[in-house]
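Heads up, the thing below is written out as structure tokens.
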Amino acid sequence: MQSNKGMQDILISKLDSLVTERYSDLEELKNSEIDDVEKYRKMQKESQLNRIETSKMIVQLKKDLNDSRKNYLDLMSKVQRINTLEEQELRKRNRTVVELDAERKAELEQIKKSKNFKMKMM
């Protein structure tokens, strides 16, 4: 889990850095004069490479986020199952305690009746 979070943090910072770079590239493009075909092709190629890199990073980040989400859901599911099992165990124990308590009360009542019977017999 922690390694996934670290990977996500790295990807997010890279993506953030890329956004900043891309914004700077856009501003540079807006302010530059393209006066020859070579310069245009070079800028077009750089832009294409940046778009590809951005797309790859977004895909990787989405994959990592989905993996983390799956891990979180799996853990939450396990916790819910444990809670359910614990509740079932407590109910089972409660029934056992109630049954034992009823048996003790019945035994005490039986003892009282025995004592009362013996007292009456005397």
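All values below come from the heavy atoms of this structure, side chains included, with hydrogens, waters and symmetry mates left out. Position 1 is the first residue of the sequence; numbering continues from there.
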List for me each residue that meets side-chain contact (heavy atoms from CB on, under 4.5 Å) alongside [X], sequence neighbours excluded, and say none if there are none.
{"X": "S32", "value": "L29, I34, M43"}
{"X": "D74", "value": "K70"}
{"X": "I58", "value": "L15, T54, K62"}
{"X": "K56", "value": "I52"}

OG1 on T84 to CD on Q80, rounded to 0.5 Å: 7.0 Å

Atom pair CG/CG of L26 and N31 - distance to nearest 0.5 Å: 9.0 Å

Show every donor-acceptor pair shorter than 3.5 Å between a side-chain atom in residues 91-100 and any protein atom, with sequence neighbours excluded, or say none if there are none.
| residue | atom | partner | partner atom | Å |
| --- | --- | --- | --- | --- |
| R91 | NH2 | E87 | OE2 | 2.5 |
| R93 | NE | E89 | OE2 | 2.9 |
| R93 | NH2 | E89 | OE2 | 3.2 |
| T96 | OG1 | K92 | O | 3.0 |

Output all residues satisfying salt bridge (charged side-chain N to carboxylate O under 4.0 Å, His left out) with [X], sequence neighbours left out; order by chain, then residue number.
{"X": "D35", "value": "none"}
{"X": "K112", "value": "none"}
{"X": "K63", "value": "D67"}
{"X": "D16", "value": "none"}

Residues clustered with M76, ILVMFWY side-chain links under 4.5 angstrom: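 Besides M76, the cluster holds L73.
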
Residues that E53 engages under side-chain hydrogen bond (donor to acceptor under 3.5 Å, both in side chains), provided they are two or more places apart: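 If we apply the side-chain hydrogen bond (donor to acceptor under 3.5 Å, both in side chains) test to E53, skipping adjacent residues, there are no hits.
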
Pairs flagged by side chain to side chain donor-acceptor pair (under 3.5 Å) wherever residues 39-51 is involved - sequence neighbours left out: D25-N50, S47-R51, Q48-R51

